Amino acid sequence: MIRNLIVILGDQLSLEISSLEKIRKNEDKILMMEVSNEIEYVNHHRKKLVLLFSAMRHFADELKKNKFDVTYVEFNKSEKNFTMELNRQCKKFNPKSIKITHPSEYRVLNEVKKWEKLLGIPVTIIEDTRFFCKIDEFSDWAESRKELKMENFYQQMRKKYKILIDDKEKPIGGKWNYDVKNRKRLPKNHPEIPSPLICKPDKITKRVITQLNKKYTKHFGDLEPFWFATTKQDAVKSLDDFIKNRLEFFGPYEDAMKEKEKFLYHSVLSIYLNIGLLNPHEVIEKVLQKKDLPIESIEGFVRQILGWREYVRGIYWHFMPKYNQTNFFNAKNKIPNFYWDGKTKMNCMKNCIEQTKQEAYAHHIQRLMITGNFALIAGIEPKQVCDWYLSVYADAFEWVELPNTHGMILYADGGILGSKPYAASGNYINKMSDYCKNCEYDVKLKNGKNACPFNYLYWNFFLKNQNKLKKNPRLWTVFSTIKNMSEDKKKQIKDDSEKFLKTI
Ligand code: FAD
Ligand code: DLZ
Ligand code: SF4
């Protein structure tokens, strides 16, 4: 008889995962399951599926090499969902108890919470210790204040972990945040940017690709070329490669965009962080060793992981299950087909979507200021936008996708996460990228059939939502412009927007 059956989920691929802490190799069994319910509940990118299953299978092999007793069930041999497969395994092995590290998504936690009653076996859910901030700790912080500003949370984390802090609890370099130095446009003659580390698919990955090609032909995105790391060892190599070749310029060009440059100086590490191949503590530790690099790059990078990543997780668990129920602007439009096929005349959208289709990756500013910004000002229904983001990115898990989509880009939470909607016109896109020079639309034109749609949709969004936003002090300039706008101009904006939205 098995003492503990330890369930390891697809995003818990670490030897240090809390469920393994007290494991007894000769009495306990580990169970890993590939199940169709997880594959099919959204239209996951095919590269995301390969990443997950190849990384899961590599991890199972590593566990076996370490003499753990592992049962691994592949997707063509498993029951439909975690519960049904677990039930089958429990009948076979009759464990005294089930253990699992806290699932990262509310949907899965709900499923796990039903196991004890359904299976009649005690289930222990153990805290996920990979994060800097515990779920309860964030809730305590959130309940103690009126506004949940990322910046305040981040400063608290810096102090708690003594990261980039001097003896007097003051920030190293004199400032908490070097955001103003993170907004450079990429110059025309900028030298070639080193690409992220390419990992060649091995036997395990190739087998996953063949299996998926047979069964899941309709999922979104290009399966090959597949180049992600699928082992801890290669993920660490990818981290080292980023620190050596791209971290120096991460800060200055963090907000830049350039046609055909898919990664710029971004780390492309979220895919490994989110499934457990990299631990955020080890990533920050290594980055902090580079004391000779510009502070705006070091602090800028630390802010993303210690600040934003932890903060969005905190928001997710603090506000779920209600968080995804809101629709502040009552946005109801259908997501256009071009989000899936990239067939649009808007060059910025076409580029970001095509690269998403190829790589299951877009960097933050592309997600925020191009596809996200468009979804906001075009009034697309939040649930459809969230499903898209959850499907198309290899790093997408609801705990991190939802606050970024529902909160940061769509302001559908009414301002819990952001102090104002991130709406922007073509002017911003033109300033931060070179997309506009190859676009059929004219970024300088505000109205008419050749005008950049971001221009009139931007004003249409604020005109439509005036009542909900006009008291926001951060939008004072927007609404003073609207106040001085002629009725003719307003009508033109509305007509152009309606005409355009009908065509998509
Ligand atoms: P870098 O630019 O190199 O940043 C370093 C790391 O910081 C990332 O690997 C990531 O772990 C963390 N990070 C940076 N920004 C954020 C953020 N806003 N929230 C959480 N972590 C952050 N990130 C995901 O991991 N999964 C998602 O599903 C996801 N969905 C998003 C949806 C939208 C609409 C937006 C605007 C952002 C989303 N992000 C998501 C955040 C961010 O865009 C990605 O983490 C980042 O682009 C990943 O690429 P990178 O590793 O090269 O990041
Ligand atoms: C995303 C995903 C997919 C596609 N498939 C599996 C799977 O078959 N088995 C598994 O353990 N996890 C999978 N995942 C991740 C889960 O959907 C989910 O995101 C995590 O369990 C965290 O809640
Ligand atoms: Fe995008 Fe408008 Fe620029 Fe075209 S002109 S690339 S639609 S911002």
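FYI, the numbering just counts along the sequence from 1. Note that ligands are numbered from 1 as they come in the structure, with each ligand's atoms numbered from 1 the same way. Bear in mind that the values here come from a model prediction, so they are computed numbers and not experimental data.
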**OP:** Kindly confirm or rule out an N or O of Leu269 lying under 3.5 angstrom from an N or O of ligand 1.
**Re:** yes

Original post:
Among protein heavy atoms, which lies nearest atom 28 (O) of ligand 1, and at what distance?
Top reply: Ala396 CA, 3.1 Å

Original post:
Is there any N or O on Ser270 that sits under 3.5 Å from an N or O of ligand 1?
Top reply: yes

Subject >> For Asp11, the ligand 2 atoms whose distance to one of its heavy atoms is below 4.0 Å >> reply: 20 (C), 22 (C)

Subject >> Interfacing atoms of ligand 1 (cut-off 4.0 Å, heavy-atom, Phe250) >> reply: 1 (P), 2 (O), 3 (O)

Original post:
Under 4.0 Å from ligand 2, counting heavy atoms only, is it the side chain of Leu109, its backbone, both or neither?
Top reply: neither

Original post:
If you draw the axis of the six-membered ring of Phe397, does the NZ or CZ of Lys48 fall within 45° of it and under 6.0 Å from the ring centre?
Top reply: yes

Original post:
Any N/O of Glu105 closer than 3.5 Å to an N/O of ligand 2?
Top reply: yes

**OP:** Using distance alone, decide if ligand 1 has a nitrogen or oxygen within less than 3.5 Å of any nitrogen or oxygen in Val268.
**Re:** yes

Original post:
Does Pro280 come within less than 4.0 angstrom of ligand 1, counting non-hydrogen atoms of the residue?
Top reply: no

Original post:
Contact between Tyr311 and ligand 1, counting heavy atoms under 4.0 Å?
Top reply: no

Original post:
What atoms in ligand 1 come closer than 4.0 Å to a heavy atom of Arg309?
Top reply: 11 (O), 20 (C), 21 (N)

**OP:** Record the part of Gln304 in heavy-atom contact with ligand 1 below 4.0 Å; permitted values are side chain, backbone, both and neither.
**Re:** both

**OP:** Report, in ascending order of atom number, the atoms of ligand 1 lying under 4.0 Å from any heavy atom of Leu273.
**Re:** 9 (O), 11 (O)

Original post:
Contact between Trp399 and ligand 2, counting heavy atoms under 4.0 Å?
Top reply: no

Original post:
Looking at His363, which atoms of ligand 1 are within less than 4.0 Å of one of its heavy atoms?
Top reply: 47 (O)

**OP:** Please determine if atom 1 (Fe) of ligand 3 has an N/O/S atom from Cys436 lying under 2.8 Å away.
**Re:** no

Subject >> Sub-3.5 Å N/O-N/O distance, Val35 and ligand 2 >> reply: yes

Subject >> Mode of Met33 contact toward ligand 2 - side chain, backbone, both, neither (heavy atoms, under 4.0 Å) >> reply: backbone

Original post:
Is the NZ or CZ atom of Arg107 both under 6.0 Å from the centre of the six-membered ring of Tyr41 and within 45° of that ring's axis?
Top reply: yes

**OP:** Between Phe75 and ligand 2, find which residue part has any heavy-atom pair under 4.0 Å and reply side chain, backbone, both or neither.
**Re:** neither

Original post:
Would Arg313 count as a cation-pi partner of Phe131, with NZ or CZ less than 6.0 Å from the six-membered ring centre and within 45° of the ring normal?
Top reply: yes

Original post:
Mind checking whether Gln12 has a heavy atom under 4.0 Å from ligand 2?
Top reply: no

Original post:
Going by the atom numbers of ligand 1, which of them fall below 4.0 Å from some non-hydrogen atom of Thr405?
Top reply: 32 (C), 34 (C)

Subject >> Any N or O of Gly10 closer than 3.5 Å to N or O of ligand 2 >> reply: yes

Subject >> Residue, atom name and distance, where the atom is the protein heavy atom closest to atom 6 (C) of ligand 2 >> reply: Glu38 CB, 3.5 Å

**OP:** Please say whether His266 places an N or O atom under 3.5 Å from an N or O atom belonging to ligand 1.
**Re:** yes

Original post:
Does ligand 1 have any atom sitting under 4.0 Å from a heavy atom of Tyr393?
Top reply: no

**OP:** Mind checking whether Met32 contacts ligand 2 via backbone (N, CA, C, O), side chain (CB onward), both or neither, at a 4.0 Å heavy-atom cut-off?
**Re:** neither

Original post:
Does Tyr265 have a heavy atom less than 4.0 Å from any atom of ligand 1?
Top reply: no

Original post:
Relative to the heavy atoms of Arg107, which atoms of ligand 2 are at a distance of less than 4.0 Å?
Top reply: 17 (O)

**OP:** Below 4.0 angstrom from a heavy atom of Val443, which ligand 3 atoms are there? Numbered from 1 as shown, please.
**Re:** 5 (S)

